[in-house]
Amino acid sequence: MRRFLKGIGGKSSSPEGASADGSERPLMPIAMADGASRLQLLDEFEAGNIGWFWATDDQNRLIYLSPPAAATFQASHEDLIGRPLASLFTLEAGDDEEAAERPLPFLLSARTKFANMIVKVDAGGETCWWTITGKPYLNPQGTFLGYRGGAKDITADFERQRDNTRAAQFDSLTGLANRNRMTRRLTAILTAYKVAKRSCALLMLDLDRFKAVNDTLGHPAGDELLKQVAQRLERIVGTKGEIGRLGGDEFQIILPDMDDRGDLGDLAHRIIQMISQPYSLDGSRAIIGTSVGIAVAPYDGIEPSELVKAADLALYAAKGGGRGQYRFYSNDLKDIAHQRREIEEDLRDALSRGELKMHYQPVVCAKTHKVKGFEALMRWEHPERGSISPAVFIPIAEETNLIIALGEWAMRQACEDSSQWPGDLTVSVNVSAQQFSTENLPTLVTNALSSSGLKPSRLELEITESVFMGDAAATDAMFAKLKRIGVRLALDDFGTGYSSLGYLRKAPFDKIKIDQSFVRGSTEPDNSNSAIIAAIVSLANALDMETTAEGVEAMDELALVQKRGATLIQGFIFSRAVPQEEVLEKLSDGNFIYQANGPEKQRSQRRTVFRRIGVIHEDHRYDAVLRNLSRTGAMIEGLLEVPVGTDLVLDLGEGQLAICRVRRSQDATQGVEFETPLVSDGSDGLCTRHRISPYALAAAGMPLAALPPGHYSLPERRNASHSGQRSEGRRFVQVDVAMGASRAA
């Protein structure tokens, strides 16, 4: 301290009652007024760790540091003297962007005073936190001589405050960001990205069947499950975004600068697969799933509330589609949600009104094509809406517990119908996880067999893998009861859910059904589905089980599954599901052989659609009708005699532009091939990878705020000339620019 005072001018020459710079200070007792007493007081101040002092020369090199402070560095005082002050500390900016922009070296070089700056000190492997204050020291002529300042150890207070801050922003159970932090982060990102015209994806997900884990294994097991889910999400997302737990089993993921719906769909699919793998919880085993809703700014919303609402609607649609799925937001979701509520109301009365029917799809021998049985599939013919797909009403029935009543009716009806079939043809009936968990399922099966007179060996119950996520003992007991009745058991959709060899070893299955998702694409080069089919068949053979390949539609697929050794085949290549009358007619003459009838090669699945779209050619835009759609092409109507080879752009709405070339043309109908294949929207639909940004449309003269979330298309430009396009200025999005942007994307 004495060296420090000498370095800054020795004893004060100011009059008593004033400081060296002339400011007022409290009067000191005469006994304490001499310099020696003041030095003693300052030494005691330092030694008591009340505060420390430091000083630098005009090059900002350390010339003094209080001994107790120097001891923190575990280095001698002589080693510290002469080192640049900034080299001793690391600025702790945290979320303070201003502090990050004005670090200590900058302040020292600018000779700016600073106060209570938080810095990090490496104390021999341990981290300490100080606050430092400094002020430039000038001689009477105004020459800069260095800095004089103070420091204080605030480690305990800093860590306590940091813990409190973290508790306010992070979930204590999983360590992920909480709802408060995610809301602030999303708001900050969207505000900044609106200026920079950048995109940001938001994923919303919740866990399917999480409540069952809590109810059967207890809340501690549920907490451990949430921790493991968080760890899996962190492994998948990595540094690409921020993950938050909003509460309960709800999670949110923010992905800055992501708008490629192909990549987002792949990510969502990986999340669903990873979350669906089994969990080990204190010796118990649990299986859950997840559904994912996806929205992307600025396409689906510009404000945080808009984007969150869009992602929520997409999540609701994903859960409504059967769970274990993902969905992108679109404008149709609002209408779909409304229609879904109406379908739910009508479904409650459909059974009593006789609107539900059972149809049957043949299952044939892979070698002889002789029918071995039929799968019973439910159909609903609505008096006003027409035919409603099971993919629509079955998930609704499962959510509303109507599936129990529908399942009981299907069991009785299938047994009654199949009892009229000749020979020992089997009938396969799907059993939902809810129905499987009811205690009266064996009674229902026994009564249906008894009333119809059907042999138990002719009834096959198709069980999905989701039944194994319940109580293991109850599941094993149910299997035992069903096998005592004498019915056959088949594992449905193997490989798409929670595939585990453990329950294949324990459960008494007679058959494994290979899901059609493995059949589709299996003949394509470099596709691994063929190897997966072979592996499933080998596994089934080793366990003395049959295999049924589902969804076979083309000759090349038929040849492949035959070559891979599947026992039975089911699919459109032999027949669609037909009513009981057609089954009886087919079997009446004793001809049980089904002839394969399908295309030579499987092409991208085309969906029949009917909706208005825009077709852009050069600087003209026309109205047309989209009649069917696949990943690689489409059929359109509305343009006369378009030459083959013509390049077009299809405006599919909601900012979706698909560049294509005419491959077939006859009168007003054209078949087009896309330059870039479409991607799945998570359900049965297709969408473009990229969309035209609302910011680009705003630049073309359409107010950004006037664009409803996700609802925009290119302006009408029928018969516009090049000169008119130039004179109109910003009113139109130029097609060549849009095509170039789409190609670049």
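All values below come from the heavy atoms of this structure, side chains included, with hydrogens, waters and symmetry mates left out.
Summarising the geometry, atom CG belonging to Leu313 is positioned 6.0 Å from atom OH belonging to Tyr329; distances are rounded to the nearest 0.5 Å. Remark: Leu377 CG to Arg576 CZ distance equals 12.5 Å, nearest 0.5 Å. Remark: Ile288 CD1 to Leu207 CG distance equals 4.5 Å, nearest 0.5 Å. Separating the CZ atom in Phe251 from the CD1 atom in Ile243 is a distance of 9.0 Å, to the nearest 0.5 Å. Taking OG from Ser522 and CD1 from Ile533, the interatomic distance works out to 4.5 Å, rounded to the nearest 0.5 Å. With values rounded to the nearest 0.5 angstrom, Phe328 atom CZ is found 8.5 Å from Leu203 atom CG.
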- Task: Might you work through the side chain to side chain contact (heavy atoms under 4.5 Å, CB included) test for Arg691 and Arg261, ending with a clear yes or no?
- Result: CA-CA 9 Å; Arg691 291 174 279 179; Arg261 291 191 285 187; 3.6 Å; yes
- Query: Can you check side chain to side chain contact (heavy atoms under 4.5 Å, CB included) on Phe572 and Gln361, steps first, answer last?
  - Reply: CA-CA 9 Å; Phe572 290 170; Gln361 186 174 35; 3.8 Å; yes
- Give the C-alpha distance, both sets of side-chain angles, the deciding distance and a yes or no for side chain to side chain contact (heavy atoms under 4.5 Å, CB included) between Glu462 and Val431. CA-CA 6 Å; Glu462 295 193 2; Val431 176; over 6 Å; no
- Message: Pair Asp515, Glu550 - check side chain to side chain contact (heavy atoms under 4.5 Å, CB included), show working.
- Response: CA-CA 6 Å; Asp515 187 72; Glu550 296 181 289; 4.3 Å; yes
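Salt-bridge check for Asp249 with Lys211: failed, with every basic side-chain N at 4.0 Å or more from each acidic carboxylate O. Classification of Arg612 and Asp651 as a salt-bridged pair fails, no side-chain N sitting under 4.0 Å from a carboxylate O. Of the charged side-chain nitrogens involved, at least one lies within less than 4.0 Å of a carboxylate oxygen, so that Glu303 and Lys194 count as a salt-bridged pair.
Shown here for Ile271 and Ile236, the closest heavy-atom pair between the two residues is CA-CD1, 3.8 Å. The minimum heavy-atom distance between Ser291 and Ala318, with the atom names listed, is CB-CB, 4.1 Å. Of all non-hydrogen atoms in Gly175 and Phe170, the two that sit nearest each other are O-CD2, 3.6 Å.
Side-chain contact check for Gln656 and Arg689: no donor-acceptor pair (N or O, by modelled atom type) lies under 3.5 Å. Side chains of Asp171 and Thr174: a donor on one and an acceptor on the other come within 3.5 Å. Judged purely by distance below 3.5 Å, without hydrogens or angles, the side chains of Thr290 and Asp206 never pair a donor atom with an acceptor atom. For Glu375 and Gln570, the side-chain atoms include at least one donor-acceptor pair closer than 3.5 Å. No donor-acceptor contact under 3.5 angstrom links the side chains of Arg232 and Gln277, judged on distance only.
Heavy-atom neighbours of His269 NE2 from other residues, nucleotides or ligands within 6.0 Å: at or below the threshold of 12. Other residues, nucleotides and ligands contribute at most 12 non-hydrogen atoms within 6.0 Å of the CG atom of Asp282. The number of heavy-atom neighbours closer than 6.0 Å to CZ of Arg353, taken from other residues, nucleotides and ligands shown, is above 12.
A donor-acceptor pair under 3.5 Å links the side-chain atoms of Gln434 to the main chain of Glu398, judged by distance alone. A donor-acceptor distance shorter than 3.5 angstrom exists from the side chain of Arg520 to the backbone of Gly551, with no hydrogens or angles considered. The main-chain N or O of Asn178 is never found under 3.5 Å from a side-chain atom of Arg245 such that the two would form a donor-acceptor pair.
The shortest side-chain heavy-atom distance between Met358 and Arg379 does not fall under the 4.5 Å cut-off.
Under the rule for a side chain to side chain contact (heavy atoms under 4.5 Å, CB included), the partners of Lys227 that lie at least two apart in sequence or sit in another chain are Leu173, Glu224.
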